[in-house]
Amino acid sequence: MVILAGDTDHAVPPPSLTDIGGTPLLGRQLEMIARSALREVLVLTGADVQAIAGYCGDGGRWGLRVRTAPAGDAILSNDTAVILPGDLVLDVDLDRLLDHHRRHGADATLLVQPVERPAEADLVDLDGQGRVRGVLPRSWPADQDAHNLTWPGPCVLEPAVLTMGPGALAGRGLLDRLRAAGRAVQGYRSPEYVRSIRTPEGLARARADVASGLVERLSLRRPLQAVFLDRDGVLNVERSHIKTPDELEVVPSAARALARLNRAAYRTPVVTNQAAVARGLLTLEGLDAIHARLETRLGAEGAYVDRVYFCPHHPDPTLAGGVPALLVQCDCRKPGPGMAHAAAADLNIDLSRSWMIGDSSTDMGLARSCGLGGILVREGHGGRDGKCPAQPHVVVDDMAGGVHFILDVWPRLEAFLDPLAARVDAGDMVLIGGLARSGKSLLAQCLALHLERQGRRAVVIGLDNWAKSRDRRQPGVLGRYDLDAAKAALAALLSRGTAVTPPRYDPLTQTSHAGREAVTLGPDDIVIVEGVPALTQPEWRRLTKHRLFIATDEAARRARFITEYRRRGWSDAAVAATFDQRLADESPLVLAGRDHAEIISLDGILD
């Protein structure tokens, strides 16, 4: 049964008949209920009972059985009841809510969720099993940390709770009576849309959100895209093994970037390895306090995460001083997919349209294993941890840059990639060449991601893998690469079935190393070969009709070149000399590749 605890005033017309996107609020609520397995609805109203009853009828037009009664009537029921306050615009999967309630065996279950302004709300305190321990009122101390979880009103009550005595069916009064009676109250975390129209601001916001489709998009009834976020180095400043809340410092631009994702209807789960717990450096309670501090700091700037997932394990069973029960192999420790799969199940995430923003190679490994777009930030580890061979699709300075790419750049880039991808058939090879810092790697990785989101596997072969160590180079641009080895590797790959392990080149130390990840091409796999010399070799050009030369504004390319080499620690004089040398020995040969390729440009797309 569903109880719609409706209007409590005597306004004419009743608030429940307020127009929301062309439908009375009450009608929207009944439409939502009709999408569930529930069929019995009791509408309690303190407003014009006849008007409400006249609108609802017997509920047949929604496929429901509806009856209307004054708000003060006693409720006699032997059924578990879903309680929905009558002033809410919402789109909640009621079957999912009820299933959670039944699985946890509580007397009552409260739907709780993060909000944009937690300091202005009563915050619900849950224990590790999701039981409600209490509520922090709006007057809670400003220096006290709390998880950003509020109760906007929807709940599930057992029959014994419904007959506890007089009082409201929602709000603090109900919760106080439940706690005073020693009832077991469970929290149900939901990212779905729930907003009161009690204030003019709330009504205007709800109407706008209905019109934009936001209300429907946030429902758990359909998969939604997400941006998975690493914690350390992305949301907060990287410090080895943060052990207390006072050691946590939020990255200045992170909250604003996160708020953009919140407004754009992306799920925002945090996935973080926290082996400090397994090492014995931190308890689970201490970790929870750190996450409460993180949510408090983010909430102070109008941002929130949907859920924090963490792996407390460490794979070394012999680790000195460790917690034996946590020194285990697991699938939740990144790059394992466990946390992402848990979030996908809890939040109904469409992994094939989602992203991972992280600062480590293990974050990129998680992205690759789950089919996410991988965005590496230069903050924190900047991918230099060396724990996983997985490569990012995109590299940016910080989380704000990652969010800008997802929300602003990717839609333009995806539209640009559509006609390119349409021309590529199964088993094809694509060559992408151009001058240094023109966007070859980005285009190659994003084209591969775009193809994969169409269900086609694409493998990127970066010719920089075959860059020689500095002390082994010969003069000229081709002398900087071991092209004989690259040709042999590509020939083996194109035989379809032979495993090849490309070497690794470290641009910071300018040294080549043995590779760690073998690559094999299946019959239909598309191979994308990118690099400065990609279009310089006639035998490669003969292998494919897909040859792309990336042209770019020269001043912008020079600026990117200077920024990159300064980042590597080079002096301005060394950077200028290297750029001039490349102009002399690289540009003529590489620019000649334009005669053998389609000339394209990413200028204006990546801004």
Side-chain angles (χ1 to χ4, degrees), residues 368 389-393 417 420-421 423-436 438-452 456-469 472-474 476-507 510-550 586 589-598 600:
R368 294 290 181 168
Q391 295 298 306
H393 293 97
L417 292 171
L420 291 178
R423 299 199 300 265
V424 179
D425 296 322
D428 278 356
M429 184 172 86
V430 180
L431 280 180
I432 301 177
L435 295 171
S438 61
K440 302 178 300 299
S441 297
L442 175 67
L443 179 67
Q445 292 290 351
C446 288
L447 176 58
L449 177 63
H450 189 62
L451 289 165
E452 286 162 7
R456 301 192 280 169
R457 183 172 184 258
V459 176
V460 176
I461 302 299
L463 294 177
D464 279 355
N465 288 320
W466 284 273
K468 296 177 182 177
S469 295
R472 294 184 52 242
R473 294 179 178 178
Q474 283 84 44
V477 58
L478 300 185
R480 292 194 286 272
Y481 293 87
D482 188 348
L483 289 179
D484 289 339
K487 290 175 183 177
L490 185 57
L493 278 174
L494 293 176
S495 69
R496 307 281 168 172
T498 301
V500 172
T501 303
R504 293 181 299 120
Y505 177 74
D506 185 343
Q510 293 187 294
T511 53
S512 178
H513 303 274
R516 295 181 297 169
E517 184 176 35
V519 179
T520 305
L521 293 181
D524 293 333
D525 290 346
I526 296 161
V527 59
I528 303 172
V529 180
E530 64 86 11
V532 168
L535 295 169
T536 65
Q537 305 303 299
E539 56 266 54
W540 287 346
R541 296 198 300 261
R542 286 193 293 269
L543 290 173
T544 179
K545 60 184 177 181
H546 305 297
R547 300 183 294 272
L548 305 175
F549 181 92
I550 312 299
E586 177 179 300
L589 182 62
V590 175
L591 290 174
R594 292 178 298 186
D595 298 335
H596 308 283
E598 176 186 355
I600 62 174

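Atoms considered below: every heavy atom in the structure, side chains included; atoms not considered: hydrogens, waters and symmetry mates. Keep in mind it's a predicted model, so treat the numbers as computed, not measured.
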Determine whether V529 and L463 make a side-chain contact, defined as any pair of heavy atoms from C-beta on separated by less than 4.5 Å.
yes
Side-chain donor-acceptor contact under 3.5 Å, R456 with H450:
no
Donor-acceptor under 3.5 Å (Q474 side chain, R472 main chain):
yes
Could you check whether any side-chain N or O of R457 sits under 3.5 Å from a backbone N or O of D524, counting only pairs where one atom can act as donor and the other as acceptor?
no
Just verifying a value: how many Å separate H393 NE2 and E452 CD, rounded to the nearest 0.5 Å?
5.0 Å
Nearest-0.5 Å distance that lies between atom CD1 in I550 and atom CZ in R594:
13.0 Å
Taking the side chain as every heavy atom from C-beta outward, state whether I528 and Q445 have any atom pair closer than 4.5 Å.
no
Can you give me the closest heavy-atom contact between P533 and L483, atom names plus distance?
CG-CD2, 4.1 Å
Closest non-hydrogen contact found for G427 with R496 is O-NH2, 2.8 Å
Would you confirm whether S512, through its side chain, and S469, through its main-chain N or O, come within 3.5 Å as a donor-acceptor pair?
no
Any K440 side-chain heavy atom under 4.5 Å of V532 side chain
yes
Go through the steps to decide whether Q510 and Y505 satisfy the test side-chain contact (heavy atoms from CB on, under 4.5 Å), and finish with yes or no.
CA-CA 7 Å; Q510 293 187 294; Y505 177 74; 3.4 Å; yes
Ignoring hydrogens and angles, tell me if any N or O in the side chain of R541 forms a donor-acceptor pair with the backbone of R547 under 3.5 Å.
no
Gap between atom CG of L494 and atom CG of L543 - 0.5 Å precision
6.5 Å
Working for side-chain contact (heavy atoms from CB on, under 4.5 Å), residues L548 and L420:
CA-CA 10 Å; L548 305 175; L420 291 178; 4.3 Å; yes
Look at R423 together with E598 and state whether they make a salt bridge at an N to O cut-off of under 4.0 Å.
yes
L451 CG to L417 CG distance, which is reported to the nearest 0.5 Å:
8.5 Å
Minimum heavy-atom distance between D525 and T520, given as atom pair plus value:
OD2-O, 4.0 Å
CG (L591) and OG1 (T536) are apart, to the nearest 0.5 Å, by 12.5 Å
State, yes or no, whether a side-chain contact exists between F549 and H596 at a heavy-atom distance under 4.5 Å.
no
Which value, rounded to the nearest 0.5 Å, describes the distance between L589 atom CG and L435 atom CG?
10.5 Å
Could you pull out the closest heavy-atom pair between V460 and A444, with the gap in Å?
CG2-O, 3.6 Å
Atom of A426, atom of I526 and distance for their closest heavy-atom approach:
CA-CG1, 4.5 Å
R473 and Y481, any side-chain heavy atoms less than 4.5 Å apart:
no
Any side-chain to backbone donor/acceptor pair from T544 onto M429? Under 3.5 Å, distance only.
yes
Got a donor-acceptor contact below 3.5 angstrom from the Q537 side chain to the L535 backbone?
no
For L493 and V519 the tightest heavy-atom approach is CD2-O, 3.4 Å
Test your reading of the model: is there a side-chain donor-acceptor pair from R504 to the backbone of A514, 3.5 Å cut-off?
yes
Is the shortest side-chain N to carboxylate O distance from K468 to D482 below 4.0 Å?
no
